[in-house]
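Both counts, for ligands and for their atoms, begin at 1 and track the order of listing.
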Amino acid sequence: MRKPRVIRCAACAGRIKPQHPHIGVEDLETGVEFSYHARASCQKRCVEETVTRLEAGKVFAAHHYHASTCADEAPGFGCAGGCFDTPMAVAN
Ligand SMILES: [Zn+2]
Ligand SMILES: [Zn+2]
């Protein structure tokens, strides 16, 4: 049996199930990825923390991981699966 990767939310420290929608913010220098729940409160923390890290001169790429049940062919905010609560204000 393959052991599933455990992802924890950097905002609330809760576990994120890989089949649930979540956001990854990847530090392009180190390859370290910070994960956040798709819910609005965790996304808010995500934006705040990413802004702080950007101000520290770091470069990030944001990834949107959709639910395994999401059938939208062009996933993003407002996808057919309704994965994300609110648009995230981080532009890349
Ligand atoms: Zn969370
Ligand atoms: Zn989706």
Side-chain angles (χ1 to χ4, degrees):
M1 278 253 293
R2 198 169 61 89
K3 214 177 169 189
R5 188 165 76 102
V6 176
I7 314 166
R8 288 199 181 273
C9 177
C12 70
R15 189 170 166 187
I16 301 170
K17 290 186 177 138
Q19 70 270 30
H20 287 179
H22 59 280
I23 297 160
V25 181
E26 182 187 358
D27 184 327
L28 293 179
E29 261 175 57
T30 64
V32 174
E33 189 166 305
F34 302 94
S35 300
Y36 297 88
H37 286 116
R39 70 171 81 110
S41 59
C42 294
Q43 275 198 55
K44 191 168 169 284
R45 265 291 283 279
C46 173
V47 171
E48 289 168 0
E49 292 184 2
T50 303
V51 166
T52 304
R53 292 185 192 117
L54 286 171
E55 284 171 352
K58 294 194 171 282
V59 186
F60 292 96
H63 306 287
H64 296 95
Y65 299 100
H66 286 250
S68 56
T69 52
C70 180
D72 203 316
E73 284 181 13
F77 289 118
C79 69
C83 297
F84 300 97
D85 280 351
T86 50
M88 194 169 66
V90 175
N92 258 310

Exercise for the section: Using the six-membered ring wherever Trp is involved, compare the ring planes of His22 and Tyr65 and label them parallel, tilted or perpendicular (cut-offs 30° and 60°). Expected result: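 Taking Tyr65 first and then His22, their aromatic rings lie parallel (interplane angle under 30°).
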
Handout entry: CA sep, side-chain torsions, deciding dist, call: Cys12, Ser41, side-chain contact (heavy atoms from CB on, under 4.5 Å)
Key = CA-CA 9 Å; Cys12 70; Ser41 59; over 6 Å; no

Problem - Contact check: His66 to the Zn ion (ligand 2), N/O/S below 2.8 Å - result: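 Within the cut-off used here (under 2.8 Å), His66 does place an N, O or S atom near the Zn ion (ligand 2).
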
Exercise for the section: To the nearest 10 degrees, could you say what angle the Zn ion (ligand 2) makes with SG of Cys83 and SG of Cys70? Expected result: 110°

Exercise for the section: State which residues pass salt bridge (charged side-chain N to carboxylate O under 4.0 Å, His left out) with Glu49; sequence neighbours excluded, sorted by chain then number. Expected result: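 Residues passing salt bridge (charged side-chain N to carboxylate O under 4.0 Å, His left out) with Glu49: Arg45, Arg53.
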
Practice task
Could you please compute the angle at the Zn ion (ligand 1) from SG of Cys9 to ND1 of His37, rounded to 10°?
Solution key: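 Between ND1 of His37 and SG of Cys9, the angle at the Zn ion (ligand 1) is about 110°.
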
Practice task
Kindly report the SG-the Zn ion (ligand 1)-SG angle for Cys12 and Cys42 respectively, rounded to 10°.
Solution key: 110°

Practice task
Taking the side chain as every heavy atom from C-beta outward, state whether Pro21 and Cys70 have any atom pair closer than 4.5 Å.
Solution key: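 No, side chains not in contact.
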
